[in-house]
Structures are given as structure tokens and as C-alpha cells.
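Letters go in sequence order (proteins before strands), and every chain restarts at 1.
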2 protein chains.
Amino acid sequence: MSRPHGVQAEPGQSRYAALAAALRTRIVAGDWPPGTALPAEQQLAAEQGVALGTMRRALELLTGQGFIERVHGRGTFVKPGLSGASPLRFFRFGDGAAAPASRILARDTLPVPAGAAQQLGIAPGTPALRLHRLRLLAQQPRLFEEIWLPLPLFSTLASGDPADWGDLLYPLFASRCGVHVHRAQDVIGFCTLDGAPAQALALPPGHPCARVQRQAFDLAGRCIEARTTLGDAHAFHYTVSIT
Amino acid sequence: MSRPHGVQAEPGQSRYAALAAALRTRIVAGDWPPGTALPAEQQLAAEQGVALGTMRRALELLTGQGFIERVHGRGTFVKPGLSGASPLRFFRFGDGAAAPASRILARDTLPVPAGAAQQLGIAPGTPALRLHRLRLLAQQPRLFEEIWLPLPLFSTLASGDPADWGDLLYPLFASRCGVHVHRAQDVIGFCTLDGAPAQALALPPGHPCARVQRQAFDLAGRCIEARTTLGDAHAFHYTVSIT
DNA sequence: AAGTGGTCTAGACCACATC
DNA sequence: ATGTGGTCTAGACCACTTG
């Protein structure tokens, strides 16, 4: 008995988990780029010589892991990537209606310091792109960001006028560099403001501030951005649900 | 009640969603108390005149919502409630190995102030139980907590020696008051220390601190605890994953 | 050995989106 | 009208736990 195009299940692993892993591998490899549709579940099931329900369970797994989205009547699509997950969501500045704006204060190619290097998984001292960026709400500067980007990948951002970048970075990463942010992790902490950030935010040195350290990852799990965001501690608020 | 077909599906609602809602109602009503086992899925399916797979989907829904736990080979159990979700998890004090201890500084029956009343969903000024509690790590006071508890429910805690309560409150709520915490929500912010909390934590007035405001809810969705936790802002840290 | 949940099958039919 | 995913059925067999 032989299956047409079978997937090997490791011992102790269910058939649908093996199918999900195989599909995940193909998605990460780029067989179906972000935003495109997978074959119909019927076809996938037939290809793998498996019952429809089994393939559906595999696809449900991938949905839960954030790799695909299923739309009733339309199809199954590779998730296009995060677009609006700004650290601004951790702050309340009282002008909820106003659209956030962003201004690039500096863009330099510099040897990456130890901290950012570790987050990016590259050797310290490697040249990388460093951005200083201000986020504004209702013309008021609210957040100061330092962003490190690894350099072969983001070299197209090293030239051109940053004023043309728009207010969101992740769509820019996708369109200009082909980098899709699949997942991110923010570590929240507390510190006091000093130097350039204090000046940019028009707050006195020593002012208490909330710090959000972000690592952003692509589909393959590589860290493609290390970002530190600083904002007034008194405007910080975040809600956690426990179950 | 022994009609073979038990559950009405509202229009637009799937059969398994209706079954889940019906089971959820019975769980909240106390038909199966926390920790006890539900009937086998086979039996539940037969009772409701539904296929096994459909009942399984209903039970999967309830699992995802945190109402039940399924254990292979043993059965399906109503979740016993949260036990270890201390706000301590938001802080790093460098002595990870040490077991946290707690000390009740004050216990009073007082008219509940506006803020706590709103969180608890009761009228301001209603008598309620107020606790002041210190959390210690390696003999060092680390967190100061103010806890408001609604009074008919927690009256058994108004007497007796708080020194006998142990270090965890939620197991105490379950054993002494029959209250099981099913879900909680923490709102995180920053402020400055002052007065009693500053003194209890041996920190100077004006010191920056992290504030965790918690609402805890029982199975029925009633808020049964309003708690404010204060700790040194420099020890605060929290990780958020974005997908 | 008996009872439980977990996996898998091979269908049928429904609801939604698009042409 | 066609193709997509969503629901539901009625089984079979497997894996785990307990007496």
C-alpha cells in the first residue's frame, strides 16, 4: 500500500501535525508568498492521500499558529504579516481620534552595539542601519524610538528620502525590502529619560519613562528588527488578561 | 428532563456552539462544581441526540474558553480555578529561587470607595472587606497590596487570625468562601509612591513605582476582587507577544 | 478488562463569495 | 453555476488511565 504523496509522521506525532509541519515548511520556504492563496483543502487532502477532516485539522493548527487565514467561500491565504502593532498602543495620550505621525530624526550606518546585536542574532560591530524616529500625536512628540536593522536585508532603506516613507514601517519593510513581519515580542520596563530622547520629547532629564524593547521576526523566525521605544511613564497603561 | 433532543440552536448559531452554551450554563449554575468530572463525551452526545464529533467540537470550545480541562484516558473536568497568577510575575527581584511570602498588615470592614466599588460592580459606600498585604522575597518587602472584597461573600474572612491564611489568597478564597477565581484582568501603569505603601516598602516618598490594578472574576463573570499592587518601577518587566 | 479521550475516515449537506 | 470553507454524521480504531 502506498500513498500518492505521503508525509512521514515522526513516531508519537499525529498525522495532522505532520501535515501541518510539512505545509509550514513550504510556507516558510516561500512556496506560497504572503498574501497568496493555498490550494483548496479538497485538493491538498487528495494530494496527500488523506481524509478531508484530517487536512482540515492540519489547517486549523496553522491558523492557530498565525501562518494562514481561512475565509469562508474565498480560500486559505498565507498571512500577509503584521501592519499595525505600534508600541503606541501601550500609551494613552488623550487624543485618541488623532492619527499618529512619524518623523525620522536620523539614519546612519553604524557598527551594531552588543545589545542590539544579540537581539538580532548577528556579530557585534557588524555594520547595520540605525534609525532615530519620533512619533507624534496631534503635533505633540510622544515617543522616541531607536531602531536597528540588519544590513544586507534593509540596504534599500539606506538611500532615498526618509520623508517619503510614510507613518508605518512594517508596510514599508514589505514593499521596499520584501520583509514580512510575522511575529513580534515586546519587553516592557521602566527607566529615566536622558540626553537626546529627553530633548526630542521635550521632557526634563530624569523624567520617568516606560521602555518597550521589541524584537520583530519574519516567517522563518529570524529577528529582523531590534527597537527601543521610550515614552512618558505617566501615559503608559496596558491590560493583561489571565486565564 | 429526559427529552433526547435537549438544546435549541438560535438562528445563525451552529449546533456545537449551542451545545457549548448549554453546557456552560450548567457549569456556571453549579451542576458540576469546579474540579469534578463531566459525563463522558459518548454519554453527553447520546443525551443530546448528536453525533460524537459534534459534541467534541462543543467541548473543544469550552476548553478554549477555559471552562473545562480534558485529560486523555481520565475524563473531562471543570477547571478548579486560578491558583498562581500573582502580580509578582510582573517583577524581577533577582532572587528567583526564593519562595514568596505574604503578611497581612491590616484587615478592616469599611465603606468601599468609588474606584473599587465600580470595579466590583457594587454601590459606593457599601461595607466591604479591605486588606493591606505585603509580599516579601527573601525577607525583603517587595510589593504592597490593597485588596477590596465584597462582603456577604467573604464574611468568613472578617474573623480569625490572618496569620493562618498562608501565602496564596485564591486557594483560601476557594476553601474558606467557596469562591473560585476563573479569570482575572490586570491593568498596568506607573505612578509614584507615598505614605503607607512607601513606608511598608522602605522606599522614599516620590519613588517611581509600577501599579497593577486587578479585577478577578468567578465562573459566573461577577467581579469578586479589586486589588491594587505597588512595587518598585525599576524591578518591573513584562513580555508581550504579538501575532 | 473496561472506560476515557484522541485520531482518522468517507461521505452528505450548508453557507458564503465570485463570476 | 461553480468553487470555497463550515457543519454534521456514523462509524472504526488507537492511546492512555484505572481497577
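A heavy atom closer than 4.0 Å to some atom of DNA chain D occurs in R56(A), these being the qualifying members of residues 50-67 of chain A. Of all the residues in residues 32-40 of chain A, A40(A) reach under 4.0 Å from DNA chain D with at least one non-hydrogen atom.
Straight-line distance from the CG atom of L19(A) to the P atom of dT7(C): 13 Å, rounded to whole Å. Rounded to whole angstrom, the span from the OH atom of Y16(B) across to the P atom of dT9(D) amounts to 13 Å. Straight-line distance from the CD atom of Q13(B) to the P atom of dG6(D): 17 Å, rounded to whole Å. The CD atom of Q48(B) sits 15 Å away from the C1' atom of dC8(D) (whole-angstrom rounding). E69(A) places its CD atom 16 Å from the C1' atom of dT4(D), with the value rounded to the nearest Å. Between the CD atom of E41(A) and the C1' atom of dT7(D) there is a distance of 11 Å, rounded to whole Å.
Residues satisfying the salt bridge (Lys or Arg N to Asp or Glu O under 4.0 Å) criterion with R222(B), sequence neighbours excluded, are D218(B). Applying the side-chain hydrogen bond (donor to acceptor under 3.5 Å, both in side chains) test to R135(B) and every residue at least two apart in sequence or in another chain returns S86(B). With sequence neighbours excluded, no residue forms a side-chain hydrogen bond (donor to acceptor under 3.5 Å, both in side chains) with Q119(B). Under the side-chain contact (heavy atoms from CB on, under 4.5 Å) criterion, D161(B) pairs with A163(B), D164(B), not counting sequence neighbours. Contacts of R214(A) classified as side-chain contact (heavy atoms from CB on, under 4.5 Å), with partners at least two apart in sequence or in another chain: A85(A), P87(A), Y170(A), A184(A), D186(A), E225(A), R227(A), I242(B). Partners of F93(B) under the ring-ring contact (aromatic ring centres under 6.0 Å, His included) rule, at least two apart in sequence or in another chain, are F91(B). Under the rule for a side-chain hydrogen bond (donor to acceptor under 3.5 Å, both in side chains), the partners of R133(A) that lie at least two apart in sequence or sit in another chain are E145(A).
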Using residues 28-38 of chain A as the side-chain source, report each donor-acceptor pair under 3.5 Å to any protein atom, sequence neighbours left out, with the distance given to one decimal.
unit_1: D31(A); atom_1: OD2; unit_2: R26(A); atom_2: NE; d: 2.7
unit_1: D31(A); atom_1: OD2; unit_2: R26(A); atom_2: NH2; d: 3.2
unit_1: T36(A); atom_1: OG1; unit_2: P33(A); atom_2: O; d: 2.6

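Counting only residues at least two apart or in different chains, side chain to side chain donor-acceptor pair (under 3.5 Å) contacts with residues 147-158 of chain B comprise E146(B)-W148(B).
Relative to the side chain of R70(B), the nucleotides dC8(D), dC8(C), dG6(C) differ in distance, and dG6(C) lies closest.
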Where along nucleotides 13-19 of chain C does protein come under 4.0 Å, by heavy atom, of base (B) or sugar-phosphate alone (S), with - for untouched nucleotides? --BBSS-
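With contacts defined as side-chain heavy-atom distances shorter than 4.5 Å, the pair E69(A)/T76(A) does not qualify.
With H182(B) contributing its side chain and P80(B) its backbone, the two residues share no donor-acceptor pair below 3.5 Å.
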